[in-house]
Amino acid sequence: MKKILILFAVAASLVFSDCTKKFDSINTDPTQASAAQFNANLLLPTVETGYTGAIAGYGGAILYQSMWVQIFANPEYPGYYSNGDKYVNGGSYNSYLASPWNNTFSNAGRAYEIINLTKDNPDLSNLSGIALICELLHIELATDVYGDVPFSEALQAKTAGITTPVYDKQQDIYSSMLAKLDSVIPTLDAGKVKPTNDVIYAGDITKWKKFGYSLMLRMAMRLTKADAATAKTYVEKAYAGGTFASNDDNAFIVLDDAHGFSNGNATALGVAEDYTQVRWGKTLIDDLKAANDPRLPVIAEVPLDGKANAANKGLAGISTPAIQEGMPNGYDQNGGATNISNAPGYPGGTGTGNDFNIIGKYSRPTTALYLSRSCPEFILTYAETQLLLAEAAARGWSVGADAATHYKNGLSAALQSYGTFNPVGVISAATADAYAAAPANALDVSSMDASLKQINTQFWITTGTLFNFIEAWNNWRRSGYPVLTPVNYTGNFSNGTIPRRFIYPSSEPSNNGTNYSAAVSNLSGGDQYTSKMYWDK
Amino acid sequence: MKKLSLVFTFLAAMLFASAQDKTITGTVTNSAGKGIEGMNVILKGTRRGTVTRADGSFSIKANTGVLVISGVGYQQQEVSIDGQTSIDVTLKDASKELESVVVTALGITKESRKLGYAVTTVNGDQFNKARETNVALSLEGQVAGLNVHGTAGGPGATARILLRGMPSINSGGSPLFVVNGVPINNDNRGSAGEWGGSDNGDGIQNLNPDDIASMTVLKGQAASALYGARASNGVILITTKTGQKGAPLVQYNGNFVWDKPINLTDFQYVYGQGQNGVKPGTINEAQNTARLSWGAKMDGSQFTQFDGKQYAYSPYKNNLENFYRTAPTVTNTVSVSGGGDNGTYRLSLSNLDNKSIVRNSGLTRRTIDFNMTQKVIDKLSFTINANYLDQSDKNKSFLSDGPGNPNNGFFLASNINEDILKPGYDANGNEIVFSDDNYVTNPWFVVNKWVNNLDRKRLITSISPKYNFTPWLYVMARLGYDRINDRHLGVTPSGTNYEINNLGQSGDINLSTTQLTELNVDGIIGISHKLTSDINLDATLGGNIRKNQDETVGISGGPFVIPNLYTPGNVVNYGRSYGFHKKEVHSGYYSVDLSYKNFLTLNTTGRYDAYSTLYYSSIPTNKRDIFTPSVAAGLVFSQLVHIPSLDFGKLRLSYAQTSGEPGNPYQTATYYSVGSSINGTPTGSYSGTLPNLFLKPFTVTEWEVGTELKFLQGRLGFDIAYYDRKTKNEIMNGSLGWETGYSSYVVANGSVQNKGLEILVTGKPVVTRNFEWNISVNATSVSNKILQTDLNGNTLGLGTYRPLNANIAFVKGLAGPQIMANDYQYDSKGNIVVDASGLPLAAGARTPQGSVLPTFYGGVKNDFTYKDFNLSFLIDYNYGNKILSATKFYAVYRGLDKSTLPGRETGVSVTGVDGTGAPVTTNVSAQAYYQRLAAISKTDVLNGDFIKLRQVTLGYTIPEKAFSKVPVIGSIQLSLVARNLLIIMKKSDNIDPEAEFSAGVNYAGIEGTSLPTTRTFGINANIKFKN
């Protein structure tokens, strides 16, 4: 009896004594690292691959911009490609519309976290500087897609407790981004510690500097219509700082499907119904055909006859340029007035009976070139920068060479870029140079408008066929080239015009309502696909 | 050695003690000495029993044990047989029968008259005849204040159990389940969302109804305060069956029931497959329209289907009946129980074999339940419980809108026979895609090929030694351990169309194992002492340590190298996952009851909790501990004032506070993780949820007032409770826009109020010699209000459905969760705004459309007994909630809904205004118009009211004398049983208002593409063998 009382007393004292001291260690997650243990370099590849996630695949531009600017077409209706091909909501459109927002801001936030984690360590200034450039890369994408977005107060929920950041005007965002680039690029120092986990340039600081100035060039050129003076200042500054010098400087990421880093575009196009329905756009193929562009047989192929063959990814198509056909946007396969067979110049189908393929004669993206899920994704290329410089020169700004030279460089570089996807895409330097140097392909300098038309059409072909659809759309909005005829399908969300922006994510009114409403009130026409943003005049 | 011999004796007694029964005769009389007819005489712990004859006499076969004599109007009495062959009993009037006893927190039994709060007990016979594969569903409609809701997820699906409304923002809602004093895990193993997934069941469904003696529902915080944190959602105490003193009693129970799917759709069968009024003309068009009924009027003409074959363009209505099957469930349970002077035991073995209405799917459950109470020495006794479970769920059906869902045939065009999709794959084993969307997997391919298997092995054990120092002082310890081993195997099979890559490879595998453990150690000192002749003291002092841990290891991969070989080694790419969580709570508690002259009782409890999940050591002012008190009083006023016809009247009043912690540990610091490597370069990340360094325990505070009244010798009774409960500083995830750098943050600002009225009326309208009618009606009115959400008072988004054009959310100031949907867009004058095509536009912002949780619900139960027959039926009802219906959306969008018939051939004339306010009248195609209507999501919100005939049982007990010359069999009770027989009233077309794909509060009220509702009917047979 006594023994039991004592035992109980011991047990009770165990319960009440402060063995809660161990609680701190119990409440420490053993599967993750603390800030002290962590290596901030690990966040860099996440931020970098995050950008390719933001511009590629279903979370990126393939369902929207790729077809808005008529790089691709898809006749399936209803379906998720109707968002792009027909400007008609389809699939999980609310989710797609939020994807660029979520992808860019989450990764800008991780870049910002790198900066915070390294701020007391001057040795890591290169990592910090590159992180800032990456942050701005993401923010630029966000503002180019949506317009006014949070920036000055953004990403600071942890550091400053800001849970509802104000939306800044796009004009202010651009001037702030350009100023930040201007101050951070010179801090990159090849003599200091390199970032260790960089999957774009493997820590090459010289290349990062060129990337920084090339990004500055792209941002500045965005402002040609909204604020030409600022554009000129930063374009010249960027050129003087040193933009990309050759295709060796191209920024791209080689993906790694085996470990969960899939090429979003290849994954999307590899889905059976995408594979059998997504076709190159008519405007694009017509342009390439007319120009005898050596890229045409590289990027396009017509599937073998019949439905079954066209669905078989193991069967290569026919790449003969003469038979390539682009599909017009805005058609369906539903048997009505907008049936694809009613499209002007409809080439007919292939196969017979059960195997009839109504879109059998239209060209698809070459399977062998584009469809590996570990295929690289381009972020920014030498060809793009040369074409931007060509326009700058055409505008009379001081960028080293004349417009024709930059244009020729850009065209040749563009042709030589496809080998990066896959060796089957290689166009030799000799072929490319010869094509770019041919008088028929030289820049038309008869007027600035003529030059701008040719440069920006080339920019559209290049970014479109290198699968950077957002950039093709951005530059089309800014330049107006090429001139595209919008589709006007029943029930479309943009009054039969090519959309100029994404509407804000449907979660914003509840997450950040007051600031969202203020931003919407600043948009001409409200939160619509048709509202034009600051630089889109 | 002494112990060993004790055990041996015990076992030997079990094996050999089976002395012959003898006949015991006797008479039951009332206080006036007159024989009473119709009294039940039952051998305790068995179902052996008889009824007294007109003169009050009875005879019963028994050897040892206790006879329980009971009946309407009289107080129950127990008499030990003790070798007697003649037993006469005098029963006291029921008006004096007020001493009923209930189990309360910590397993302490109290006289119900003394309680200051509401408690309801449901006996096992309410759920072990007409069964559900999840026993919790059997509580539906049985208890005032309790709302139980299943999912349309097939056998063993999760039950959403809400006591007194949605208890809090972050809790998930489920009450704590306590089995024989030991809290058990009731976590949901996974549920479906807008992107699909399966309902993987909860913890409570693992229990075998045959082993449950009763479930006691502690509704209020005062009732459950002693359980601390997890009692904030209420507590349900489960008492399992135990043995009774006497020779071993062997029982067999067989339950054979069939589930039959019910087709609740009433679709249009006038227009067939196609678009814009046109029948498909090509294979392509047929494939694109396999789920679109916007074609021509069906005329029986031949046309080419997506498979290239010719079919008649005629209505086909029997897909649901053909695709699903009538599915049997067989449960066999054998038990042996008994006991001697120093202890009792019960052992049961059970096997449940269930087939789902979905082919190739079902569950098996084997359980062993053992309990034993044994006196070791005079004052020391042990109770041991062990419940072992081995459950396999084969091919849990995917729900909602994702690949692998067998229910995808639901929206097939009105002329398609689902059989033409058979067998779902071609000669190469590749899926046959039947529609425009290859993520909509061919349902026959799903049932023939997909794998989604769950296995669970679980052991719930407890041991509690108790030492009685004196008759009024005891010490006890209780060690409870619940260990769960789960295994999940998911396979997207080879040939699944959307996965086929350019090398022709496809498929993936996901294999994971999870171990969950919960350990509870309690030490309790109890005192029961008469302080004076009028004042009685009952006090308990205790401490508890609780430890929870879970660990998940997963391996995944794809595509398969060798097709159709589903093993993790046979894949091109690998993935892995690992999860670990641990938490601990240290608590101390007391309970003091003072009662005065048996009519006034004052109860107070206090509990101190320290939570490992709180406190961040860098912030020393943080708190991880809290003390929460409760006070309750019960006054039996009928003892003070005499009111005619009132036999018993009690007033209850209570106030209680409980506290709580975050659901998950590790929310008080930032952590960084390492992800996959890209081409050999490691990557890192961190959670998108911002941790909170300043967390404190949250609290729940509740007032409750109630009364119990009994009239006319117990023929009419009322139990009424009103409560007002508020939570404060609730810890939850607030939603952030990614522009903040995070998508959510842990915030401790939530507050919810529930006010409610609960009424239980019991009556015995008819009592005659052979016939008795018992009725019980319960009604609950609950009003929920979200008082505060996150720091900004933002609406907190919860779940959604695949159309993604509406969601549910917590909205400050309104009942939670609200459906947020788009209305039409109106101009300032209230005109509908149309777009350039003449189609109505949806409003830009979503607005609240009502809560998904009912505000008024309850049940009506009737029991009729005629001689050896018993008929019982339960009707339950549910009012005041809304449903976000994907079925409605798709039925309209796909042209199946009858509402889409007007204007099919003429077009629909739409009148509205354009963006400038100018009037517009346009004729638009029916397809374009109705598809736009579906997208205006307010039209997809349905009324959830219903009344259902939930349960019917018709029982017949074969009189014992029928077996007097039969060997072995002692008695047989047969019951015809049925569940979910009839929907008496509903307001939602085409769906069962209870069909949801997830049981979680965060997806409550969202419906679509799930299993059809089933009707269950069958037989229950209970056989007691002679001992």
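Per chain, numbering begins at 1; letters A, B, ... match sequence-line order.
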Exercise. Using distance alone, with no hydrogens and no angle criterion, decide if A:Q333 and A:Q277 have a side-chain donor and acceptor under 3.5 Å apart.
Key: yes
Practice problem: Hey, can you tell me if B:Y439 and A:Y80 have their rings parallel, tilted or perpendicular (30° and 60° cut-offs)? | Solution: tilted
Against chain A, label [X] side chain, backbone, both or neither, depending on which of its atoms sit under 4.5 Å from a heavy atom there.
X: B:S676; value: both
X: B:Y745; value: side chain
X: B:Y574; value: backbone
X: B:L292; value: side chain
X: B:L804; value: both

Self-check item: Test log, rule side chain to side chain donor-acceptor pair (under 3.5 Å), inputs B:T689 and B:S744
Solution: CA-CA 5 Å; B:T689 299; B:S744 64; 2.8 Å; yes
Quiz item: Does any N or O in the side chain of A:D332 come within less than 3.5 Å of the main-chain N or O of A:P75, such that one atom is a donor and the other an acceptor?
Solution: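 No.
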Quiz prompt | Axial cation check for A:Y275 ring with A:K313, 6.0 Å and 45° limits | solution =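 Checked: cation-pi criterion met.
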Exercise. Among the options B:A928, B:G557, B:S685, pick out the one with the most heavy-atom pairs lying under 4.5 Å from chain A.
Key: B:S685
Practice problem: Name the option with the most non-hydrogen atom pairs under 4.5 Å to chain A; the candidates are B:A836, B:G680, B:G737. | Solution: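 Option with the greatest count: B:G737.
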Exercise. Tell me whether the centres of the aromatic rings in A:Y167 and A:Y504 are closer together than 6.0 Å.
Key: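 A:Y167 vs A:Y504: aromatic centres under 6.0 Å.
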Quiz item: Which heavy-atom pair separates B:K583 from B:S612 by the least distance, and what is that distance?
Solution: CA-OG, 3.4 Å
Quiz prompt | Residue A:E273 versus chain B: region with a heavy atom under 4.5 Å | solution =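 Both backbone and side chain of A:E273 come within 4.5 Å of chain B.
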Quiz item: Considering only heavy atoms, which portion of A:I358 lies under 4.5 Å from any heavy atom of chain B: side chain, backbone, both, or neither?
Solution: both
Practice problem: Tell me, out of A:P150, A:G109, A:G270, who's got the most heavy-atom pairs with chain B below 4.5 Å. | Solution: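 When all of A:P150, A:G109, A:G270 are compared, A:P150 has the most.
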